[in-house]
Amino acid sequence: MTEKKYKRHLVTAALPYANGAAHIGHLAGVYIPADIYVRYLRLKGEDVMFVCGSDEHGVPVTIRAEKEGITVQEVVDKYDQIIRDSFKEFGFSFDNYSRTSRKIHHETAQEFFADLHKQGKLVKKTSYQFYDPTANQFLADRLIIGTCPTCGNPDAYGDQCENCGRTLSPDELIDPRSTLSDAALEKKETEHWYMPLDQYEPWLKEWILEGHKDDWKPNVYGQCKSWLDSGLHPRAITRDLDWGIPVPLSNSEDKVLYVWFDAPIGYISATKEYFEQKAPDGSLKDEWKKYWQDEDCRLLHFIGKDNIVFHCIMFPAMLKAHGDYIVPENVPANEFMNLQERKISTSKNWAVWLHEYLREFEGKQDVLRYVLTSNAPETSDSMFTWEDFQKRNNNELADNLGNFVRRPVALTHKYYGGVVPPLNAIEPEDQELIDALAEFPGKIGKAIEEYKFREGLAHLMDLSRLGNQYLQKTSPWLLHKEDQKESQNGGEKKHTERIETILHLSLQVAANLALLCEPFLPFTAEKLRTMLNRSKWNPNCIQWNETGGINIITPGQTIEKAIVLFEKIEDKTIQEQVAKLEATDEANKAELEAKDGTTEEKSAEPIKDEIVFDDFVKLDIRVATITAAEKVKKADKLLKLTLDTGVDVRTVLSGIAQHFTPEEIVGKQVCVLANLAPRKMRGIESQGMVLMAEDSDGKLKFVSPTEALQNGSVVR
RNA sequence: GGCGAGGUAGCUCAGAUGGUUAGAGCGUCGGAUUCAUAACCCGGAGGUCGGGGGUUCAAUUCCCCCCCUCGCCA
């Protein structure tokens, strides 16, 4: 899209928030696409810096600390470690993975703020905010609860009602109170610094709405347009909290920077830190500026759709206001990935956690990379299911890719003792293969450059399919068999050269796959390199542009025995994962019920098989009045009812004795299934059935008309 | 309520600046084959491209209205 040639690329992946572990949603939306992109650029020989780190400020970590009964520092340490370790094991190729609690970040963020302040780019405003007099502090929105004005939920948070999903501000809550002390709140004056986003609105409009109309993804562009069209307002960038980066101004010691102000600056700190660690003597001290303050560098933010506003509006405005920085060239945000029909939720533990996956599927990093890439939420929300995971592994990775590579390798060992045969005369079908092969690096590369990773991966699989087709068409094993027969009969082997050529070319395809799969499946790439005895193909020195040819593997060289690249995944394994999610679901329900007695209805029974209207018409349901009721002897549950159905008076037995006394139901109007075949219980014939409904506690209630009706009225 | 994104084969998803038979993978059905992890290969069936109107020689693609899902904002 962009014509401009850049000397360098700075790629950032959204900072994961340190209040929980990383899950497949994060991977599919942000980290895998970013990693594919970066690995590809490196293979192209580009200068790339890839940074990320843990985001450790803000209110949710403090709430998490409360919940887990540990300090905030312990919370962020814990989750930083979990995320850091799992990212490393999963193979993300960050040049630096930092954290925002580090000194270098605090300094960088404070300096940034101070620069803006010094230049007069910030606005100071006074506002009234909720204050908890008992806890002696201002309260973050999340720490205020009250009654939701929309749905009446008494425990809605100051920023959102979890019952109806409505976004709120604390002022809208009815009877707001503090979660810290349960005290009634007072409003108190406080001063904060604001980023006057309104001042940058014209620039943002021109930059995004006109400048990036065609090269930003529709979801990103649309989201920005939505914000810009509705008009920007100054946004507070400081908070009255005790967890965060202190505002670097005198008499502001009790204030900290807003987490969304400091977090994106984390990308800058991470870059600085990279060079600090690389050259502790300080000789590369200013090198980071080549990535942040030089128009020859291209800045790219990989994020999820929830971060669009901060990366497309807020942070660029900050960078622009500062004046020394470049702004992002693109922000390829993905949508969300759902898990088995439902939204992924950290708080509800509805997720596949990366660290757990790595433990339960050891050595299968690439399987998850593959599945999440092939179904990535690039244009709209997508869905992960364990069944799909299994199928993609078994049918695509194992049966297609793994199988293809194995075929020529096994044949080479069988026929030539593992020595790569020469290339002889080329037939038309060979030329077809060679021509097609040459197209792949370009096709895959173009897809990656356009952030269409799903498409790129599909091309890769097409190459493997092409290999399978070629082998099928040429069937070297048949030629070999013919030769065997001939020579047994004292004849001449006629196909020797042909078989050599076929296997040679098949191995070249496998070798190309080994290189081209590197951005998507780095672990597989490594295994393939070993199998083809090309472990010296360092991904950093083989150039992408050299692929597509048939000279990657040399005749006469040996190759290793074929290994199984992808094991099949058994049904049992998948069932275990599904069961695990079901258990989570159960646990959530139990917790919900324990929390408040006002049980949300427990999950309703599934709908029964479809019937046609005629089936329904067969039921004769009437309104009737209970004229008498008595307990049935020797039966705990049964009441004998006398009903006036308007057409007759009849006896019906009903198993409701544990829920109602005879006295309280006489005179009540109910619905009765009047044409049910009579049935004898305890010696008494029951001539119908009274309709009842059961609530979540198992309590029975009558299904009755809301207004009195004539007995015998038909229900339909 | 306003705005944004999406609603395409059984499933998960592509695509089309409007134009001959709308695609892929998986699933399904049939055939062929055995080098390979019962894998591969060939072929078939399956879609009034959310609903309704309009513009046009022509709309699934453009315009309007409505419905549904997700998100942002109030």
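Quick note on labels: first sequence line is chain A, next is B, and so on, each numbered from 1.
Rounded to the nearest Å, the gap between the P atom of rG2(B) and that of rC66(B) is 9 Å. Distance noted for atom P between rU56(B) and rU60(B): 16 Å (whole Å). Comparing the P positions of rC49(B) and rG44(B) gives an interatomic distance of 23 Å, to the nearest angstrom. Rounded to whole Å, the P atom of rG19(B) lies 11 Å from the corresponding atom of rU61(B). A distance of about 15 Å separates the P atoms of rG53(B) and rA58(B), rounded to the whole Å. When the C1' atom is used for both rA74(B) and rC65(B), the distance is 25 Å, rounded to whole Å. Taking the C1' atoms as reference points, rU33(B) lies 49 Å from rG51(B), given to the whole Å.
Distance, Ile502(A) CD1 to rC40(B) C1': 16 Å, rounded to whole Å. The nearest whole Å value for the distance from the CG atom in Asn375(A) to the P atom in rC11(B) is 14 Å. Following rounding to the nearest Å, Leu228(A) (CG) and rC73(B) (C1') show an atom-to-atom distance of 13 Å. Between the CG atom of Asp306(A) and the P atom of rG71(B) there is a distance of 11 Å, given to the nearest Å. In this structure, Glu429(A) atom CD and rC41(B) atom C1' are separated by 14 Å, rounded to whole Å. Rounded to whole angstrom, the span from the NZ atom of Lys391(A) across to the P atom of rC11(B) amounts to 12 Å. Residue His480(A) contributes atom NE2, which lies 21 Å from atom P of rU33(B) at whole-angstrom precision. One interatomic measurement links the two molecules: CZ of Arg235(A) to C1' of rC72(B), which rounds to 12 Å at whole-angstrom precision.
If you take CH2 on Trp216(A) and SG on Cys224(A), they are separated by 5.5 Å, rounding to the nearest 0.5 Å.
The residue Glu387(A) sits apart from the nucleic acid: no heavy atom pair falls under 4.0 Å. Residue Ser374(A) is out of contact with every strand shown, counting any heavy-atom pair closer than 4.0 Å.
Phe361(A) and Trp386(A) have parallel rings, their planes meeting at less than 30° on a 0 to 90° scale where 60° marks the start of perpendicular. Using the six-membered ring where Trp is involved, His23(A) and His26(A) have ring planes that are parallel, under 30° apart on the 30 and 60° scheme. Relative orientation of the His480(A) and Tyr415(A) rings is parallel, given thresholds of 30° and 60° on the angle between their planes.
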Practice task
Using the side chain to side chain donor-acceptor pair (under 3.5 Å) rule, take Gln557(A) and Asn533(A) through it: C-alpha gap first, then chi angles, then the decisive distance, then the call.
Solution key: CA-CA 8 Å; Gln557(A) 75 157 89; Asn533(A) 231 341; over 6 Å; no

For nucleotides 2-9 of chain B, print each protein N/O atom paired with a nucleotide N/O atom at under 3.5 Å, atom names and distance only.
| from | atom 1 | to | atom 2 | distance (Å) |
| --- | --- | --- | --- | --- |
| rC3(B) | O2' | Ser226(A) | OG | 3.0 |

Just the table, please: protein N/O against nucleotides 35-38 of chain B N/O, every pair under 3.5 Å.
| from | atom 1 | to | atom 2 | distance (Å) |
| --- | --- | --- | --- | --- |
| rC35(B) | O3' | Lys414(A) | NZ | 3.1 |
| rC35(B) | O2 | Arg407(A) | NE | 3.1 |
| rC35(B) | N3 | Arg407(A) | NE | 3.1 |
| rC35(B) | N3 | Arg407(A) | NH2 | 2.5 |
| rC35(B) | N4 | Arg407(A) | NH2 | 2.9 |
| rA36(B) | O3' | Arg406(A) | NE | 2.9 |
| rA36(B) | O2' | Asn403(A) | OD1 | 2.8 |
| rA36(B) | N3 | Asn403(A) | OD1 | 3.4 |
| rA36(B) | N3 | Asn403(A) | ND2 | 3.4 |
| rA36(B) | N3 | Arg407(A) | NE | 3.1 |
| rU37(B) | OP1 | Arg406(A) | NE | 3.1 |
| rU37(B) | OP1 | Arg406(A) | NH2 | 2.5 |
| rU37(B) | N3 | Phe566(A) | O | 2.6 |
| rU37(B) | O4 | Leu565(A) | N | 3.3 |
| rU37(B) | O4 | Phe566(A) | N | 3.0 |
| rU37(B) | O4 | Phe566(A) | O | 3.0 |

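Glu500(A) has no carboxylate O lying under 4.0 Å from a charged side-chain N of Lys493(A), or vice versa, which leaves the two without a salt bridge. Between Arg369(A) and Asp35(A) there is a salt bridge, since a side-chain N of the basic residue sits under 4.0 Å from a carboxylate O of the acidic one. Classification of Arg239(A) and Asp141(A) as a salt-bridged pair fails, no side-chain N sitting under 4.0 Å from a carboxylate O. A salt bridge is defined here as a Lys NZ or Arg NE, NH1 or NH2 lying under 4.0 Å from an Asp or Glu carboxylate O, and Glu570(A) with Lys572(A) fails to meet this definition. Contact check on Glu518(A) versus Arg529(A) returns a salt bridge, with a Lys/Arg side-chain nitrogen under 4.0 Å from an Asp/Glu carboxylate oxygen.
Across all strands shown, rG47(B) has no partner, as no Watson-Crick or G-U wobble contact with both distances under 3.5 Å is found. When both distances must be under 3.5 Å, the Watson-Crick or G-U wobble mate of rG27(B) does not exist. Shown here, rU17(B) forms no base pair; nothing in the strands shown gives a Watson-Crick or G-U wobble contact with both key distances under 3.5 Å.
Judged by closest nucleotide on RNA chain B, Arg465(A) is the one of Arg465(A) and Phe336(A) placed further toward the 5' end.
A side-chain hydrogen bond (donor to acceptor under 3.5 Å, both in side chains) with Asp215(A) is found for exactly one of His212(A), Lys217(A), Lys213(A), namely His212(A).
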